[in-house]
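Letters A, B, ... are given to chains in the order of the sequence lines, protein chains preceding strands, and every chain is numbered from 1.
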Number of protein chains: 2
Amino acid sequence: MNNATLKDLAALAGVSPATASRVLSGHPATSARARQAVEAAVRELDFVPNAQARALRSTRSDTIGLLVSDIRNPFFADLAHTIEQAALNLGYVTLLGNANENTQQHDRYINALISRQVDGIIVAPQGDSSDAIKSLTSRSIPTVFVDRIIPGVDVPSVTTDSDAGIRQAVSHLVGLGHDRIGYIAGPQTVSTGRDRLSSFTAALAANGLTVDPDLIFYGNFQAASGSAAVHALLSVPHPPTALFAADSLMAVGALAVVHRLGLQIGVDIAIVTFDDIEWFALLDPPLSVVSHSVEDMGRIAVELLVDVMNGGRPKSVCQTSELIIRGSSAHAILPRTAELRGSN
Amino acid sequence: MNNATLKDLAALAGVSPATASRVLSGHPATSARARQAVEAAVRELDFVPNAQARALRSTRSDTIGLLVSDIRNPFFADLAHTIEQAALNLGYVTLLGNANENTQQHDRYINALISRQVDGIIVAPQGDSSDAIKSLTSRSIPTVFVDRIIPGVDVPSVTTDSDAGIRQAVSHLVGLGHDRIGYIAGPQTVSTGRDRLSSFTAALAANGLTVDPDLIFYGNFQAASGSAAVHALLSVPHPPTALFAADSLMAVGALAVVHRLGLQIGVDIAIVTFDDIEWFALLDPPLSVVSHSVEDMGRIAVELLVDVMNGGRPKSVCQTSELIIRGSSAHAILPRTAELRGSN
DNA sequence: TATGGTTATGGAAACGATTCCATGGAATCG
DNA sequence: CGATTCCATGGAATCGTTTCCATAACCATA
């Protein structure tokens with residue numbers, strides 16, 4: 001780390017450190033002569049200012065923190081990507097942390113981000129553990145929730161309203177003749193898990209169906225629980241003819257099992273999932289999904305955070321969702337389904 | 001940011017800032033009384049030390065930088081995950097940057113990481129543009145290459161030797177009767193793109209086959225180029241009966257087109273790809289892959305970096321790769337293939 | 001009791017930038 | 001031509017830690 005310092009730079013340029021600093025930060029009160037001399041010295045020394053020292057003195061770090069639940073979930077990978085791009089365009093570097101669905105790690109990262117004096121933090125909060133989050137708000141560090149929220153914590157958020165998309169999906173399935181739809185739920189300790197389930201039950205009611213507890217399986221947003229769900233749901237007395245998964249990873253797990261059982265997706269059983277992952281359109285048949293724009297969500301999260309950092313108190317944003325129909329739910333229900341199911 | 005400072009903490013504990021600092025950093029020369037008083041004050045104030053000031057004074061930040069090529073590529077998402085976990089276990093926070101396959105952004109992130117005084121940096125270098133990288137080495141910032149390298153830049157690296165796995169794959173395909181294997185190559189400006197192609201041509205020779213330029217398509221490691229590759233490769237005079245993709249995203253693009261053409265994977269056409277992505281095992285049929293351990297790669301990258309940061313000059317590590325046979329290449333070549341192909 | 005060696009402590013100087021404040025020179029105006 | 005304004009500049013304080021150095025207190029030994 002044999003970095004040249006501002007003092008070295010100033011000495012080489014023949015000006016004071018104060019003047020050199022002004023040139024670097026674009027302060028208006030600088031002469032053309034000073035600017036040229038400093039810029040030449042910057043090139044000569046390959047000078048990169050020490051962000052620590054700058055942050056220490058100016059109490060801003062031009063850095064935001066981003067804490068996602070699981071970077072290996074394509075939804076969060078996409079989200080991280082869009083947030084990072086949007087932040088970069090505004091001159092912010094993003095420190096990305098991965099809670100890895102682990103509350104302890106979640107807290108550790110929040111403390112790490114606090115101690116690194118991030119100017120703000122965007123977080124997809126983990127469960128309902130608000131302890132570390134409280135530490136953020138009590139320090140009045142600008143915070144924004146993305147995708148998920150913690151009830152009772154007053155922080156601006158950008159989330160998805162699952163009602164519209166899930167209602168469309170249920171209506172669509174009912175229109176195809178499905179009156180028994182299996183639901184693979186997310187964890188009820190997470191706001192998105194709860195919201196999507198209540199959207200689903202509301203949509204059933206709106207279509208004149210009642211909720212059958214046998215047809216609801218509680219998973220944990222991970223692939224393995226999607227697999228378990230299919231086994232469980234297809235072995236009840238009157239098995240469902242369609243499945244709805246509350247997130248992409250559980251859908252993947254479900255798909256694997258459905259394949260293994262020899263059921264033909266879209267014919268023997270209809271499948272729809274929340275989260276539009278690029279790969280889903282490439283499957284055979286392509287998967288029908290309830291889509292919400294991850295690009296918009298990332299962009300808005302950054303906008304909200306910038307607003308908060310500027311002292312604003314922006315309203316939370318709730319995006320809409322919509323159904324995209326593809327091959328996995330393209331056909332009306334067939335008599336063959338019940339027959340096949342009997343053999344399993 | 002109404003953070004309590006070390007001075008406040010010391011005042012509350014009734015000691016000097018120096019003593020408080022010693023307690024916090026576990027310095028041996030502290031009395032039990034001082035320790036207790038300081039620890040009580042820490043709890044009372046919810047004190048989190050300012051990492052900027054600490055880094056400024058002690059010239060270490062307990063932070064490493066990680067720059068990946070594309071966070072949306074599942075391989076790099078997994079890699080980021082393992083590196084982050086390994087680093088966290090050693091007490092380092094990881095600043096994750098995403099070059100987004102963009103040289104300019106790559107350079108910008110490297111400068112951002114330099115100015116934040118990371119203790120070291122792990123990078124999957126972008127192409128052969130070594131300018132920003134030179135800036136790293138000239139400052140003697142500990143650096144490690146992961147997955148990819150830049151020829152001629154003397155930096156420890158952890159990479160995969162593609163020879164073994166690709167040779168197994170080619171032998172396997174030849175054993176099934178394939179003598180025309182289409183190769184979807186990565187960009188030849190990236191070391192992995194070059195290495196895998198030369199492994200492939202060597203494996204052909206080892207199996208008594210010659211290289212047909214018609215059967216090599218040059219892609220860019222992105223899905224769209226995999227799709228283009230299938231169109232191109234299947235329209236040559238003597239089309240291949242098997243395809244090998246040099247990375248997972250191109251394989252995904254290829255799969256989509258193959259499906260759309262109505263070809264049955266594993267029967268009409270065999271497909272093998274580099275990179276073992278979890279999702280590939282869930283496809284129907286599951287995909288044969290050349291696998292290399294992303295967990296080991298991440299772990300070793302961190303080990304190498306720690307070694308360099310401690311002043312060592314570790315040797316580069318080259319991992320082996322191996323073929324995993326699944327349904328997409330399970331059957332011997334069938335006469336039907338040529339017939340079907342003719343109709344397209 | 002004097003001496004030496006620990007040990008815990010506080011004072012103060014860094015680290016490398018930003019920024020307030022004072023200054024001197026040039027430019028403008030009456 | 002003198003007074004006022006404006007602009008570029010440098011000196012010095014500052015941000016919140018760590019760490020060197022000196023000191024004081026203490027115990028044990030001669």
Side-chain angles (χ1 to χ4, degrees), chain A residues 1-39 41-42 45-63 111-112 114-119 139 141, chain B residues 1-39 41-42 45-63 111-112 114-119 139 141:
Chain A
M1 317 271 189
N2 50 355
N3 250 346
T5 78
L6 187 67
K7 208 156 68 175
D8 304 333
L9 183 78
L12 180 63
V15 299
S16 74
T19 299
S21 170
R22 277 186 285 256
V23 170
L24 290 178
S25 60
H27 189 98
T30 51
S31 68
R33 199 182 52 75
R35 269 195 299 275
Q36 285 170 10
V38 170
E39 278 157 14
V42 165
L45 293 177
D46 192 17
F47 177 77
V48 177
N50 183 321
Q52 317 279 356
R54 184 208 301 266
L56 181 60
R57 174 60 220 236
S58 63
T59 63
R60 51 195 302 262
S61 58
D62 291 329
T63 302
N111 276 327
I114 290 176
S115 82
R116 271 166 188 76
Q117 308 292 113
V118 291
D119 293 338
R139 275 167 221 280
I141 295 177
Chain B
M1 318 270 188
N2 49 356
N3 251 345
T5 77
L6 187 66
K7 209 156 66 174
D8 304 333
L9 183 78
L12 180 63
V15 299
S16 74
T19 300
S21 171
R22 277 186 285 255
V23 170
L24 290 178
S25 60
H27 189 99
T30 52
S31 68
R33 198 182 55 74
R35 270 195 299 276
Q36 285 169 9
V38 170
E39 277 157 15
V42 165
L45 293 178
D46 193 17
F47 177 78
V48 177
N50 183 321
Q52 318 279 354
R54 185 209 299 268
L56 180 59
R57 175 59 222 237
S58 63
T59 63
R60 53 194 301 262
S61 59
D62 290 330
T63 302
N111 276 327
I114 290 176
S115 83
R116 272 167 188 76
Q117 307 294 114
V118 290
D119 293 338
R139 274 167 222 279
I141 294 176

- Query: Where do D119(B) and S61(B) come nearest, in terms of heavy atoms and distance?
  - Reply: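 Closest heavy-atom pair between D119(B) and S61(B): OD1-N, 2.9 Å.
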Would you be so kind as to tabulate the donor-acceptor pairs closer than 3.5 Å made by side chains of residues 47-55 of chain A, with sequence neighbours excluded?
{"residue": "N50(A)", "atom": "OD1", "partner": "Q52(A)", "partner atom": "N", "Å": "2.7"}
{"residue": "N50(A)", "atom": "OD1", "partner": "A53(A)", "partner atom": "N", "Å": "3.1"}
{"residue": "Q52(A)", "atom": "NE2", "partner": "R116(B)", "partner atom": "O", "Å": "2.5"}

To the nearest angstrom, how far is [X] atom [atom1] from [N] atom [atom2]?
X      : N       : atom1 : atom2 : answer
N50(A) : dG16(C) : CG    : C1'   : 6 Å
L6(A)  : dG16(C) : CG    : P     : 11 Å
D8(A)  : dG16(C) : CG    : P     : 9 Å
L9(B)  : dG10(C) : CG    : P     : 13 Å
Q52(A) : dA17(C) : CD    : C1'   : 11 Å

Excluding sequence neighbours, so at least two apart, what forms side-chain hydrogen bond (donor to acceptor under 3.5 Å, both in side chains) with [X]?
X       : result
D46(A)  : S135(B), R139(B)
S115(A) : none
R35(A)  : T30(A)

N/O donor-acceptor pairs under 3.5 Å from side chains in residues 10-25 of chain A, not counting sequence neighbours:
{"residue": "S16(A)", "atom": "OG", "partner": "A18(A)", "partner atom": "N", "Å": "3.4"}
{"residue": "S16(A)", "atom": "OG", "partner": "T19(A)", "partner atom": "N", "Å": "3.2"}
{"residue": "S16(A)", "atom": "OG", "partner": "T19(A)", "partner atom": "OG1", "Å": "3.3"}
{"residue": "S25(A)", "atom": "OG", "partner": "S21(A)", "partner atom": "O", "Å": "3.0"}

- Query: Of the residues in residues 13-22 of chain A, which ones touch DNA chain D at a heavy-atom distance under 4.0 Å?
  - Reply: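 Those residues whose heavy atoms fall under 4.0 Å from DNA chain D, taken from residues 13-22 of chain A in numerical order, are V15(A), S16(A), A18(A), T19(A), R22(A).
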- Query: Among all residues two or more places apart in sequence or in another chain, which pass the salt bridge (Lys or Arg N to Asp or Glu O under 4.0 Å) test with R60(B)?
  - Reply: D62(B)
- Helical bend (five base pairs per end, nearest 10°) for the helix from dT1(C)-dA30(D) to dG30(C)-dC1(D): 50°
- Message: Just to be sure I understand the geometry, which residues of residues 25-38 of chain A put a non-hydrogen atom under 4.0 Å away from DNA chain C?
- Response: none
Any N/O pairs under 3.5 Å between the protein and nucleotides 13-15 of chain D? List them or say none.
{"residue": "dT14(D)", "atom": "O2", "partner": "R57(A)", "partner atom": "NH1", "Å": "2.7"}

